[in-house]
Colleague: 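Quick one: structure below, then a few questions.
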Protein chains: 2
Amino acid sequence: MRYIKTSRMTKKTTIYDIAKKLNITAATVSRALNKNPKISDATKELVLKTATEMNYEQNKLAQALKNGKSYNVGVIVSRIDSNFFASIIRGIEEELFNHGYHVIICQTNNNEKMEAENINTLLNAQVDGILMSISNINIDKNIMFKKLLNKKIPLLFFDRKKSIPGISSITIDDFSAGYKATQHLIDEGCKRISHLSVDRNFEIFRDRFLGYKQALSDNNIPFDESLVIETKSNIEAGKEATKKLLKLQNPPDAIFSSSDFSALGAIQELKSQGIKIPQEVCVVGFSNEPFTKFMELSISSIDQSPVEMGKTTARVFIQQIKNKEKHVEQKVVLEPKLIIRKSSSKQNPSK
Amino acid sequence: MRYIKTSRMTKKTTIYDIAKKLNITAATVSRALNKNPKISDATKELVLKTATEMNYEQNKLAQALKNGKSYNVGVIVSRIDSNFFASIIRGIEEELFNHGYHVIICQTNNNEKMEAENINTLLNAQVDGILMSISNINIDKNIMFKKLLNKKIPLLFFDRKKSIPGISSITIDDFSAGYKATQHLIDEGCKRISHLSVDRNFEIFRDRFLGYKQALSDNNIPFDESLVIETKSNIEAGKEATKKLLKLQNPPDAIFSSSDFSALGAIQELKSQGIKIPQEVCVVGFSNEPFTKFMELSISSIDQSPVEMGKTTARVFIQQIKNKEKHVEQKVVLEPKLIIRKSSSKQNPSK
DNA sequence: TATATAATTGTAATCGATTGCACAGTGTGT
DNA sequence: ACACACTGTGCAATCGATTACAATTATATA
């Protein structure tokens with residue numbers, strides 16, 4: 001039998017093809033390609049040369065099946081078209097690429113069913129690990145999730161944590177972030193600082209709130225329940241919340257929002273009511289979304305270094321893969337950065 | 001032999017396990033699970049029941065190896081943390097998920113070597129298709145790319161096209177976009193319309209420019225070479241270009257930029273020189289980045305419906321997969337939408 | 001020269017699922 | 001009663017690579 005090789009040849013060359021050509025075994029070829037020390041340098045060289053000649057490419061699927069390693073990692077986020085998540089994924093991808101891993105993206109749209117389904121299909125696809133930002137506070141009661149815990153593949157939480165024993169997480173110190181933002185507002189001379197929160201069943205939002213509260217307390221400012229509004233993370237919600245705040249008999253002179261979007265809504269509402277920012281009311285957002293910097297009235301915000309968070313997540317994953325059996329629980333907490341911009345710079349309005 | 005099943009059991013159940021338990025062959029199990037009509041309903045039911053009982057999950061890797069279908073699709077973009085690409089990927093992922101495909105993300109950072117490397121590793125990973133936004137105008141001369149063309153897997157270009165025979169693309173009509181933007185500016189009463197372009201070796205930027213030119217011509221406005229500046233897509237570049245324009249003895253009364261970022265730079269520069277927007281100079285950007293809407297002086301822009309573009313790309317891919325042998329070349333061209341905002345609304349400044 | 005030892009390579013099973021072909025059992029037609 | 005068709009399963013090869021173990025050859029040692 002004779003193979004005619006043309007550029008239109010679609011069949012991939014396998015180690016068997018190489019073996020046949022060199023009159024050796026596929027086993028030897030495999031070993032040579034893997035630089036197994038038991039193979040003589042002569043054959044190694046020969047095999048390598050022939051492999052490139054024949055345009056050999058390793059079939060990762062076959063390899064994965066045999067080794068139980070797919071070199072694919074699943075990443076689950078609520079949505080990828082959010083600058084924060086996209087940046088995290090960027091970090092993850094860049095770091096993992098260097099280790100030969102590929103990133104499979106899944107979106108939940110904050111839907112618990114989707115979350116479970118994604119976990120399931122990722123497991124079927126035999127990913128070597130799952131990195132996720134949970135969108136479900138009751139995830140530990142989820143069946144798919146339990147299944148996941150029984151697997152020996154690493155599971156990591158980034159961004160959103162939830163204290164589940166044995167699970168590593170990479171997050172920022174939300175308490176510290178809330179504290180820093182609030183302290184900054186106090187330093188600017190604000191006395192009645194309100195807080196736009198988001199669902200505090202999530203630890204991140206609860207922690208931001210607690211940091212806010214602690215800063216008030218440390219500065220002997222009484223905590224006023226009426227200044228805290230739990231809202232959604234979007235412009236409209238920010239407007240609504242701000243309307244409420246402005247109706248108080250004693251309205252706030254500062255707003256610390258757990259979301260840049262509601263912060264923007266707040267600013268729009270304040271402006272529409274003719275209230276000067278930052279002179280009358282200072283505003284600080286959260287996440288350092290690109291637009292906060294671009295605005296003419298740039299918005300102070302908390303930077304979460306998402307790319308770095310992604311890279312760190314990837315690194316922890318790699319570590320866990322390496323110490324196979326010992327999945328030591330790691331809780332990495334990154335320090336958030338307060339970015340001070342015009343919306344909260346009374347003292348130096350040129351900023 | 002006796003298997004004790006515990007929740008800590010890590011080994012996955014295979015069709016062989018099911019077969020053993022039911023005293024039938026793995027072949028039968030496989031057929032039953034695949035609803036092969038040659039299997040009696042009785043055994044089908046039995047197998048299915050036992051499968052769920054035993055927590056069976058299909059190993060996609062094994063399946064992929066056998067069928068030559070991994071149900072993974074590679075997506076290559078320059079960077080994922082750009083709203084435009086992230087939105088496209090969102091669309092792709094959502095659409096493909098419904099067909100059982102997973103999306104593997106790769107970033108090139110506009111680096112030609114990375115582009116080639118990504119193609120290579122994706123092929124090794126046996127993806128069923130590659131969807132990409134090319135970052136390399138000479139891609140058709142690239143070795144990896146040639147290799148890719150010889151495979152039978154579908155290759156699709158989105159966003160950026162390059163006329164390569166046999167390759168389908170999903171793009172927007174950049175000519176029309178350039179035309180619309182320019183016509184709009186003319187309708188607003190602008191007479192000297194400048195254009196901030198980007199590297200016109202790329203078809204998208206060339207087409208936008210050509211659309212611009214055509215609109216001028218159709219309105220009997222002379223084309224003035226000095227009003228066209230080729231620049232980069234960032235704020236600083238936009239400022240620099242605008243400085244140059246303002247130094248002309250006869251400066252423009254409108255700027256149509258091929259990028260929202262340089263449009264923003266232009267606006268910043270105009271403002272810093274005390275020039276009123278839109279009264280003295282109108283500005284239109286490109287891409288409808290989120291910030292264009294959020295600015296107080298909101299920026300008119302061209303919306304490329306990236307999510308829709310992603311979905312369309314995914315749909316074309318699915319089509320091509322289905323008509324296996326006939327990869328009919330498809331050139332899908334989506335119509336861009338002009339979003340008119342304050343930066344170019346002389347007539348109705350309330351907008 | 002005979003033999004222990006090290007260096008290479010081959011054999012064959014394995015990962016988990018799919019599928020062409022063979023075969024047994026039942027049913028139908030003449 | 002016999003040939004033929006049809007159903008439902010089993011057998012075994014296959015996808016491509018890896019690897020424990022066996023076998024062979026080459027080298028070193030006595």
Side-chain angles (χ1 to χ4, degrees), chain A residues 10-48 50-51 54-72 100 123-128 151-153, chain B residues 10-48 50-51 54-72 100 123-128 151-153:
Chain A
T10 71
K11 269 177 245 156
K12 297 145 195 160
T13 58
T14 71
I15 54 173
Y16 292 95
D17 300 328
I18 302 179
K20 208 173 287 174
K21 185 158 190 175
L22 296 180
N23 262 320
I24 54 179
T25 321
T28 307
V29 175
S30 171
R31 292 197 183 94
L33 291 173
N34 289 321
K35 309 211 186 303
N36 186 315
K38 299 203 156 190
I39 296 291
S40 73
D41 292 341
T43 41
K44 259 184 204 166
E45 226 173 287
L46 186 62
V47 167
L48 234 64
T50 320
M54 300 178 73
N55 257 315
Y56 170 76
E57 303 277 354
Q58 202 178 39
N59 184 326
K60 295 263 178 189
L61 282 185
Q63 198 181 234
L65 178 59
K66 188 74 216 333
N67 299 342
K69 273 195 112 197
S70 67
Y71 275 97
N72 281 150
L123 288 179
N124 288 173
Q126 313 296 124
V127 292
D128 295 342
K151 307 274 174 178
K152 56 181 181 307
I153 69 170
Chain B
T10 72
K11 268 177 247 157
K12 298 143 195 162
T13 57
T14 71
I15 53 173
Y16 293 94
D17 300 327
I18 302 178
K20 207 172 289 174
K21 184 158 191 174
L22 296 179
N23 263 320
I24 54 178
T25 321
T28 307
V29 175
S30 171
R31 292 198 181 94
L33 291 173
N34 289 321
K35 310 211 185 302
N36 185 316
K38 297 202 157 192
I39 297 291
S40 73
D41 292 340
T43 42
K44 260 185 205 164
E45 224 173 288
L46 186 61
V47 167
L48 235 63
T50 318
M54 299 179 74
N55 256 314
Y56 170 77
E57 302 278 354
Q58 202 177 38
N59 184 327
K60 295 264 179 187
L61 283 185
Q63 198 181 232
L65 178 60
K66 188 76 208 355
N67 298 343
K69 274 195 113 200
S70 67
Y71 275 97
N72 281 150
L123 288 178
N124 288 174
Q126 314 294 124
V127 293
D128 295 343
K151 308 274 172 176
K152 55 181 183 307
I153 68 170

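Hydrogens, waters and symmetry mates are skipped; everything else that's a heavy atom, side chains included, is used.
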Colleague: For N67(A) and dC15(C), what is the distance between atoms CG and P respectively, to the nearest whole Å?
Modeller: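 Value for this atom pair: 13 Å.
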Colleague: State, with a plain yes or no, whether a side-chain heavy atom of Q126(A) is found less than 4.5 Å away from one of K12(B).
Modeller: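 Yes - at least one pair of side-chain heavy atoms lies under 4.5 Å apart.
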Colleague: Which one, dT18(C), dT14(C), dT19(D), comes nearest to the side chain of K66(A)?
Modeller: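 The nucleotide sitting nearest to the side chain is dT14(C).
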Colleague: Could you work out which one of dG10(D), dT18(C), dC21(D) sits closest to the side chain of S30(B)?
Modeller: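 Among dG10(D), dT18(C), dC21(D), the one nearest the side chain of S30(B) is dT18(C).
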Colleague: With respect to the side chain of A62(A), which nucleotide from dG16(D), dG10(D), dG16(C) is positioned closest?
Modeller: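 Closest nucleotide to the A62(A) side chain: dG16(D).
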Colleague: By nearest atom, which of the nucleotides dT18(D), dT19(C), dG10(C) is closest to the I15(A) side chain?
Modeller: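 Selected nucleotide: dT18(D).
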Colleague: Which nucleotide in the list dT18(D), dG10(D), dT9(C) gets nearest to the side chain of I24(B)?
Modeller: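 When the side chain of I24(B) is considered, dG10(D) is the closest of dT18(D), dG10(D), dT9(C).
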Colleague: Closest approach of I15(B) and Y56(B), non-hydrogen atoms and distance?
Modeller: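 For I15(B) and Y56(B), the tightest heavy-atom pair comes out as CG2-OH, 3.5 Å.
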Colleague: For T43(B) and V29(B), run side chain to side chain contact (heavy atoms under 4.5 Å, CB included): C-alpha distance rounded to whole Å, both residues' side-chain angles, the deciding distance at 0.1 Å, then the answer.
Modeller: CA-CA 9 Å; T43(B) 42; V29(B) 175; over 6 Å; no
Colleague: It should be established whether Y56(B) places a side-chain nitrogen or oxygen under 4.0 Å from OP1 or OP2 of nucleotide dA17(C).
Modeller: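 The answer is yes; a side-chain N or O of Y56(B) sits under 4.0 Å from OP1 or OP2.
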Colleague: Round to the nearest Å and state the distance from L22(B) atom CG to dG8(D) atom C1'.
Modeller: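 That distance rounds to 15 Å.
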Colleague: Please determine, for the side chain of K38(A), which listed nucleotide (dG10(C), dG16(C), dT8(C)) has the closest atom?
Modeller: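 Nearest nucleotide to the side chain: dT8(C).
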Colleague: Which nucleotide, dA17(D), dA17(C), dC11(D), lies nearest any side-chain atom of T25(B)?
Modeller: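 Comparing dA17(D), dA17(C), dC11(D) against the side chain of T25(B), the answer is dC11(D).
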Colleague: Should N34(B) be listed as having a side-chain N or O under 4.0 Å from OP1 or OP2 of dT18(C)?
Modeller: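 Yes, N34(B) has a side-chain N/O under 4.0 Å of OP1/OP2 on dT18(C).
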Colleague: Is N36(B) touching bases, backbone alone, or none of the nucleic acid, heavy atoms closer than 4.0 Å?
Modeller: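 Result for N36(B) = nothing.
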Colleague: Check the distance between dT8(C)'s P and K44(A)'s NZ and give it to me in whole angstrom.
Modeller: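 So the NZ-P distance, K44(A) to dT8(C), works out to 9 Å.
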Colleague: Which one, dT9(D), dG16(C), dC21(D), comes nearest to the side chain of R31(A)?
Modeller: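 Of the options given, the side chain of R31(A) lies nearest dC21(D).
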Colleague: When you check the side-chain N and O atoms of N124(B) and Q58(A), is any donor under 3.5 Å from an acceptor?
Modeller: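 There is no such pair between these side chains.
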Colleague: Any side-chain N or O of Q63(B) less than 4.0 Å from the OP1 or OP2 oxygen of dT18(C)?
Modeller: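 Looking at the OP1 and OP2 atoms of dT18(C), one of them is under 4.0 Å from a side-chain N or O of Q63(B).
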Colleague: Do any side-chain nitrogens or oxygens of T14(A) fall under 4.0 Å of OP1 or OP2 in dG16(D)?
Modeller: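 For dG16(D), OP1/OP2 do not have a side-chain N/O of T14(A) under 4.0 Å.
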Colleague: Without decimals, in angstroms, what is the distance between Y71(B) OH and dA17(C) P?
Modeller: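 Answer to the nearest Å: 16 Å.
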Colleague: OP1, OP2 of dG8(D) versus side-chain N and O of T43(B): anything below 4.0 Å?
Modeller: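 For dG8(D), neither OP1 nor OP2 has a side-chain N or O of T43(B) closer than 4.0 Å.
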Colleague: What are the two closest non-hydrogen atoms of S70(B) and L61(A), and how far apart are they?
Modeller: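 Closest approach of S70(B) to L61(A): CB-CD1, 4.2 Å.
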Colleague: If you count the non-hydrogen atoms of other residues, nucleotides and ligands that lie under 6.0 Å from NZ in K21(A), is the total more than 12?
Modeller: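 No.
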Colleague: For Q126(B) and dA17(C), what is the distance between atoms CD and P respectively, to the nearest whole Å?
Modeller: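 Spelled out: CD on Q126(B) to P on dA17(C) is 19 Å.
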Colleague: Whole angstrom is fine here: how far is it from NZ in K35(B) over to P in dT18(C)?
Modeller: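 Computing the K35(B):NZ to dT18(C):P distance gives 13 Å.
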Colleague: How many whole angstroms separate atom NZ of K69(B) from atom P of dT19(C)?
Modeller: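 After rounding, the gap between these two atoms is 12 Å.
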Colleague: Name the closest nucleotide to the L65(A) side chain, picking from dT18(D), dT8(C), dG16(D).
Modeller: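 Selected nucleotide: dG16(D).
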Colleague: With DNA chain C as reference, determine whether D41(A) or A27(A) sits nearer its 5' end, using the nearest nucleotide of each.
Modeller: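 Its nearest nucleotide being more 5', the pick is D41(A).
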Colleague: Find the distance N23(A):CG to dT11(C):P and express it as a whole number of Å.
Modeller: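 Atom-to-atom, N23(A) to dT11(C), this comes out as 12 Å.
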